[in-house]
Amino acid sequence: MTMLHRGLSLIATLVLGFALFVFLAYAFNLMTFPFDYDQGEGFELVDTILFSEFRSPYQNTDAFPYYSSNYPPLYHVIAAPFVWVFGDAYWYGRLLSTVSTLIAAGAISYAVYRAEGHRWIAILAGLAFISSNTVYHIGALYRQHIMMVAFEVVAVVILVHAIPRKQTRAIALGLFLIVLAGYTKQLAAITAIAVLGWLFLRNPRRGMMWGAGFTLVGGAIFGVLTISTGGEWWRQAILANVNEFNPLQTFGLTLLWLRLHLLLIIPAGLFFAYELYADRLSLYSVWFLFATVLGAIGSGTWGAGDSYFATSIAATCILSGIFFSRILNNNWSVTKTAYSKFIPQSKHILTASMLVIPVLYIGYGVMTFKMPTEGMIFGTVAQVLSIEPNVMGRHYDSATYDVVGYANIGHFVTQEDIENGRYIVSLIEASETPVMSEEAGFSLVANRPVITNPTQLRNLWLNGLWNGDALIADIETQRYGIIIFRASFYPTPLLEAIGQHYSVTETVIMNGFTYRILRPNDE
């Protein structure tokens, strides 16, 4: 039985290890791509460039170049020194995200190992995080979400052990990391609520003291940002982020989360129930509950998506890993309650678990399987396994793309994509007048000013915070020689003005997406 258990565990490691290999290959592929891969990456780079020049990205969107950011500063501040050395480039932001993904996975493995000392399950738990389709999506992008998750995971792992032991410095470090997560992306507020709530439930007086300190530090940073930007931080990063909610999107993404991660969600839920009824709720369990419920609700807002489940997936990997380890170690500390008889301590259950647990990880690896279907290595694997691409004709993803809000990315880019991007850049370079592009990368490569941030303008418009008269006047006077569309994320009044004064003259396919080149009607 032991040999069979080890054999199945080895297979599980190989299956999830292949997911790690695919992720690293994907990350490397993206680092070679000089344009936007995911819509919005270029504006992250613009923010980074502005911080490297000691300028604020939180600007007045009613004045040329009508640019502003809706994200907190930390990710861009960390990336800013790369600009001083390497200039404008995407690779270092994608490298930071890739490293953040690996740090989060390592922290998950450490959390499981420290809880129960089962090395193999700890490794599988960390690999399971990277194998998630959601984590694969965002883990190598020039976007700040995965760095936020890394800060959150490390913070919770520290606090789980520091709070019961009343280790003041470690508690302070953990809470400070959550502050850093919040100033990487606002969604970290969910983890802050879970941690402070758990602290209060354990010891109301100490919870209030730590909560006051946390609020003081976070509030001081908030005040500095608001004052130093003349209130634009409050307007752009807070007020503009109150987005419309689509319950159908939340429903669809929640079902997708369940379908992809069910084999880990069930054991995580069982461990939550065990702690709730037969032991004491740990911070991991409370974090899992808050991250799942509030993350699911948040995923339905405009501009959100499956990435909002990333923190929940991290908590799921930890809870399921601890549950599996505890079964194999037969290490249940059961409070004498009416529910203690349901705790699996039978030798037969232990023997079956040695087979079932690695099979669950294998099944999870299959359920979250994704890979390119082209190239010498991946093309051969796809042929052997009879895998057909279902993304852009060059990639397979078990999630498919039928759910609204699930990012249509994950495929590798090609040399043809780079050449087509360079063609768009040549059009910008040939224009004698300014160019407005829905993605910033083309303008950056062409060394032209980046004009507007479409999703931010839309957020402001939906919240009644965008005037738009100046930019619409630019459109009506046909100030811009070229306008480049990909997803038409601009506010509706701006789209209407463009439709009246500009027409599509050609289209370019890059990275599987259609870029529409619009020129003034007078031409």
Side-chain angles (χ1 to χ4, degrees), residues 31 34-36 40-97 99-100 141-148 150-151 176-177 179-186 188 216-241 434-437 439-457 459-460 465-466 470-471:
M31 289 180 205
F35 304 108
D36 285 42
E41 279 189 299
F43 299 110
E44 305 274 14
L45 178 54
V46 172
D47 289 359
T48 302
I49 294 169
L50 289 172
F51 276 115
S52 75
E53 298 170 348
F54 302 100
R55 297 164 59 198
S56 170
Y58 313 110
Q59 302 174 3
N60 181 4
T61 50
D62 292 322
F64 188 86
Y66 315 108
Y67 181 83
S68 191
S69 174
N70 66 325
Y71 289 124
L74 185 58
Y75 178 74
H76 313 108
V77 170
I78 292 173
F82 288 91
V83 180
W84 302 335
V85 180
F86 302 104
D88 307 347
Y90 285 87
W91 67 264
Y92 44 75
R94 291 165 178 162
L95 176 63
L96 285 173
S97 292
V99 171
S100 297
L141 298 180
Y142 200 141
R143 305 302 295 265
Q144 73 287 96
H145 196 115
I146 198 66
M147 183 176 283
M148 175 203 74
F151 278 129
F176 183 65
L177 287 174
V179 172
L180 296 183
Y183 283 100
T184 302
K185 190 170 184 179
Q186 302 94 319
L216 181 63
V217 173
I221 298 173
F222 192 96
V224 169
L225 287 171
T226 301
I227 294 171
S228 64
T229 60
E232 289 298 337
W233 156 257
W234 169 254
R235 178 170 173 257
Q236 304 291 344
I238 307 302
L239 296 180
N241 272 303
V435 171
M436 191 170 83
S437 172
E439 290 185 355
F442 303 122
S443 299
L444 290 171
V445 174
N447 198 28
R448 294 293 188 90
V450 173
I451 300 169
T452 82
N453 180 338
T455 55
Q456 179 66 348
L457 289 187
N459 289 340
L460 290 164
L465 300 170
W466 181 66
L471 181 53

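Basis for what follows: all heavy atoms, side chains included, without hydrogens, waters or symmetry-related copies.
- If you check the side chains of Tyr75 and Ser97, you find a donor sitting under 3.5 Å from an acceptor.
- Taking the side chain as every heavy atom from C-beta outward, Val83 and His76 never approach each other to under 4.5 Å.
- In terms of heavy atoms, Pro34 sits closest to Val445 at O-CG2, 3.9 Å.
- Of the charged side-chain nitrogens involved, at least one lies within less than 4.0 Å of a carboxylate oxygen, so that Glu44 and Arg143 count as a salt-bridged pair.
- With rounding to the nearest 0.5 Å, the separation of OG in Ser56 from CH2 in Trp233 is 10.0 Å.
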Which is it for Leu180 and Met148 under the side chain to side chain contact (heavy atoms under 4.5 Å, CB included) test, yes or no, and what are the steps along the way? CA-CA 8 Å; Leu180 296 183; Met148 175 203 74; over 6 Å; no
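- Residues Trp466 and Asn459 form no side-chain contact, since every pair of their non-hydrogen atoms from C-beta on lies 4.5 Å or further apart.
- The number of heavy-atom neighbours closer than 6.0 Å to CZ of Phe176, taken from other residues, nucleotides and ligands shown, is 12 or below.
- Within the 4.5 Å cutoff, no side-chain heavy atoms of Tyr67 are placed close to those of Pro449.
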Walk me through it: do Val450 and Ser443 pass the test side chain to side chain contact (heavy atoms under 4.5 Å, CB included)? CA-CA 6 Å; Val450 173; Ser443 299; 4.2 Å; yes
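- Here the OG1-CD1 distance, from Thr184 to Ile146, works out to 11.5 Å after rounding to the nearest 0.5 Å.
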Go through it in stages, so that I can follow the logic: the residues are Leu225 and Tyr183, the test is side chain to side chain contact (heavy atoms under 4.5 Å, CB included), and I'd like the CA-CA distance, side-chain angles, deciding distance and then a yes or no. CA-CA 11 Å; Leu225 287 171; Tyr183 283 100; 3.7 Å; yes
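- Taking CH2 of Trp84 as the reference point, atom OG of Ser52 lies at 7.5 Å (rounded to 0.5 Å).
- A 4.5 Å side-chain heavy-atom check between Tyr90 and Glu41 finds at least one atom pair inside the cut-off.
- Annotation for Pro72 and Gly182: closest pair CG-O, 3.6 Å, computed over non-hydrogen atoms.
- The two residues Met147 and Ile78 have their closest heavy-atom pair at SD-CD1, 3.8 Å.
- Here the side chains of Gln236 and Leu460 are in contact, with some heavy-atom distance below 4.5 Å.
- Between Ile49 and Leu444 there is a side-chain heavy-atom pair separated by less than 4.5 Å.
- Nearest heavy atoms, Glu439 versus Asp36: OE1-CB, 3.2 Å.
- Counting heavy atoms from C-beta on, the side chains of Pro57 and Phe43 never come closer than 4.5 Å.
- Between Leu50 atom CG and Phe54 atom CZ the span is 12.5 Å, to the nearest 0.5 Å.
- Using a 30° and 60° split on the angle between ring planes, Tyr66 and Phe64 fall in the perpendicular class, above 60°.
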Intermediate values then yes/no, ring-ring contact (aromatic ring centres under 6.0 Å, His included), Tyr58 and Trp234: CA-CA 9 Å; Tyr58 313 110; Trp234 169 254; over 10 Å; no
Passes side chain to side chain contact (heavy atoms under 4.5 Å, CB included), Leu457 versus Asn453? Steps please. CA-CA 6 Å; Leu457 289 187; Asn453 180 338; 5.8 Å; no
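- Here the straight-line distance linking atom CD1 of Ile238 with atom CD of Gln186 works out to 5.5 Å at 0.5 Å rounding.
- There is no side-chain donor-acceptor pair under 3.5 Å between Asn70 and Ser68.
- Inter-residue side-chain proximity for Leu96 and Tyr92 is flagged as unmet; no heavy-atom pair is nearer than 4.5 Å.
- Residues Ala440 and Val46 share a closest heavy-atom pair of CB-CG2, 4.0 Å.
- Separation of atoms CZ (Arg235) and CG (Asn241) is listed at 13.0 Å; rounding is to 0.5 Å.
- A donor-acceptor contact shorter than 3.5 Å is absent between the side chain of Gln144 and the backbone of Tyr71.
- The shortest heavy-atom contact between Leu177 and Phe151 is O-CB, 3.7 Å.
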